[in-house]
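To start, the structure itself, in structure tokens.
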Amino acid sequence: MALRAALRGATRHADAWLASLAHRPVRPGLSAAEVLARLDGPFPAAPSDPVAVIDALVEAVGGGLTATGSPRFFGYVVGGTLPAALAADLLAVVWDQNAALASLSPAASAVEQIAGRWVRQALGLPATASVGFTTGTQMAHVTALAAARHRVLAEVGWDVGADGLTGAPPVRVLAGADRHTTVDAALRLLGFGSRGIHTVAGDGRGRMCPDALRATLAATDTQTGTDTLTGGTGGARRVPTIVIAQAGEINTGAVDPLGQICALGHAHGAWVHVDGAFGLWAATSGSAHRRALVEGAADADSWATDGHKWLNVPYDCGIAIVADRAAHRRAMVAPADYFPPDPSGALDPVDWTPEFSRRARTFAVYAALRSLGQDGLRDLVDRCCELAGHAASRLAGLPGVRVLNATPGPAGHGVVVPLNQVLLRVEAPGGEGDRLTRAVTAAVTAGGDAYLTGTVWQGRAAMRLSVSNWSTTRAEVDLAVDVIAAAVGAARR
Ligand SMILES: Cc1ncc(COP(=O)(O)O)c(C=O)c1O
């Protein structure tokens, strides 16, 4: 009874929250300290009624929630939640499946297999690649780069699974100057210090320069010296190498020239990994121009992307995809004597991610893809890009505002941006532009009608408007632009 009553209470609160998204301020009304002050107290000695617990929780934390599912949320790169994905995720919680093993949850195993296949197909990646569903792109990097580490070292005779990194041949890692910080974090977690990363220069728009990659590869292609494998003095030999490219720079949305990077990397024996947290989804676009941005992505060796960004499934969901299934499994597998033998060959998700026990997050992925279909996914991606282009064109027309990632559109058609990100700045002499840009970002978000986030682009303050939510329409984008225009006017006064 208590369970049913608590669930009914939660459903009522959930309904109220979802209904409020259309009009509530997007920003939270309370700071973390204020929520803490409302909620904090000694660990109770006695039990409490579940309904009362939920009601009190909602009452205390409600004001500290950010309406990230609102169509007026344009911060970071945060997707909304598709109705089918939200409902499926609620069921995943209620069903409380441990998705590690097919024998423990045949349903989670089967759904994960289908979701993985559909994701590969949507992104135009090899049908034979293996897929692991992680908490986010950060852990998808860890998964894919662990597979990379395993293989590039195996190729020079070193078994990193058995012998670890101590005494291993050094691995050369090359990544673009505009890479996401999670790449460095993943490399650190895998034992590659960030000082060892060779940073490859970008083109000023967020893309890696193939010429710079070529030069860095050539300059560091062989290593001479003590042969760590034999203990003797080795000659010059090929260096185990990982190249990390990016599809969708977080500020500009720019995509590296993936085909060229893969060709260059492979010519030097490298494993090429792509950080495509949101940009890889350009493969689903109906526009040949957008699809061309990610042309060549399929030539890479591994990919990391998110479900919780552009696919609009609830937090959390990342996806690691690896062309070399054997390397992926060897890097992740954690066999245990107590696992029941499963002669059916069904997918055991535990074999493909760093987690052991975990939630069945792919019910939501399946539901999102099933409810959208290929047509709906294409429309979602293209709608976001077109709305970002519309915002960029209007913002570029505001006096004193510069859209930093825009290029002129076809004659008379404003400006265009690469994907769904709009990067802008209020221009003024000296340091005044930084001050105004930060003031406008803060004022827009504080107003509550729209939510944007600030950033630093090439050493200067900027702000970013990301269109990543399935429910955002032109009306919300126009509202955000109007609010920005008003804030620019006020800041200049
Ligand atoms: C390009 C890129 N890579 C990685 C990440 C990190 O993704 P997650 O927060 O899912 O770990 C982001 C997040 O915005 C991103 O834009």
Side-chain angles (χ1 to χ4, degrees), residues 66 68 73-81 85 119 123 131-146 175-190 194 197 202 205-208 244-256 258 261 273-283 293-294 297 300 302-321 353-355 358-359 361-362 364-365 368 381 384-385 388 405 417-423 451-457 462-469:
T66 305
T68 38
F73 184 92
F74 299 101
Y76 304 98
V77 188
V78 172
T81 306
V119 166
L123 301 181
V131 186
F133 287 88
T134 60
T135 44
T137 288
Q138 163 81 87
M139 287 313 288
H141 287 327
V142 169
T143 306
L145 293 171
D178 296 307
R179 65 184 176 271
H180 195 267
T181 183
T182 50
V183 167
D184 297 62
L187 289 167
R188 277 197 305 276
L189 284 169
L190 291 167
S194 46
I197 304 173
R205 304 191 73 85
R207 289 174 300 207
M208 187 194 287
I244 303 173
Q246 182 167 252
E249 199 279 326
I250 189 160
N251 294 300
T252 65
V255 179
D256 288 349
L258 299 173
I261 290 171
H273 172 71
V274 179
D275 175 357
F278 61 100
L280 270 181
W281 296 87
L293 289 174
V294 289
S302 60
W303 307 264
T305 190
D306 268 326
H308 56 221
K309 290 191 168 66
W310 229 349
L311 183 56
N312 278 244
V313 305
Y315 282 93
D316 46 29
C317 179
I319 311 169
I321 307 170
T353 60
E355 291 91 0
R358 67 176 170 88
R359 62 193 291 271
R361 57 174 62 87
T362 47
V365 175
V381 165
C384 289
C385 292
N405 65 334
V417 287
L419 285 176
N420 59 331
Q421 303 293 101
V422 185
L423 182 68
Y451 193 108
L452 297 140
T453 36
T455 187
V456 175
W457 179 244
M463 67 198 237
R464 202 169 48 203
L465 181 148
S466 172
V467 189
S468 310
N469 186 315

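Remember, it's 1-based here, ligands and their atoms both numbered in the order they're listed. When a residue number appears, it is its place in the shown sequence, counting from 1.
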Polar pairs, ligand 1 vs protein, N/O only, below 3.5 Å.
| unit_1 | atom_1 | unit_2 | atom_2 | d |
| --- | --- | --- | --- | --- |
| ligand 1 | 3 (N) | Asp275 | OD1 | 3.0 |
| ligand 1 | 3 (N) | Asp275 | OD2 | 2.8 |
| ligand 1 | 7 (O) | Asp306 | OD2 | 3.4 |
| ligand 1 | 7 (O) | Lys309 | NZ | 3.1 |
| ligand 1 | 10 (O) | Thr137 | N | 3.0 |
| ligand 1 | 10 (O) | Asp306 | OD1 | 3.0 |
| ligand 1 | 10 (O) | Asp306 | OD2 | 2.7 |
| ligand 1 | 10 (O) | His308 | NE2 | 2.9 |
| ligand 1 | 10 (O) | Lys309 | NZ | 3.4 |
| ligand 1 | 11 (O) | Thr137 | N | 3.3 |
| ligand 1 | 11 (O) | Gln138 | N | 2.8 |
| ligand 1 | 14 (O) | Lys309 | NZ | 3.4 |

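Tyr76 meets the ring pair (Phe, Tyr, Trp, His ring centres under 6.0 Å) test with no other residue; sequence neighbours excluded. In this structure Ala304 satisfies the side-chain contact (heavy atoms from CB on, under 4.5 Å) test together with Thr137, Ala140, His141, His273, sequence neighbours excluded. Among residues two or more places apart in sequence or in another chain, the ring pair (Phe, Tyr, Trp, His ring centres under 6.0 Å) test is passed with Phe278 by none.
The two residues Ile197 and Leu187 come nearest to each other via the heavy atoms CD1-CD1, 3.4 Å.
Using a 4.5 Å heavy-atom threshold, the side chains of Arg464 and Trp457 count as separate.
Asp275 and Arg179 are not joined by a salt bridge, as no carboxylate oxygen comes within less than 4.0 angstrom of a charged side-chain nitrogen.
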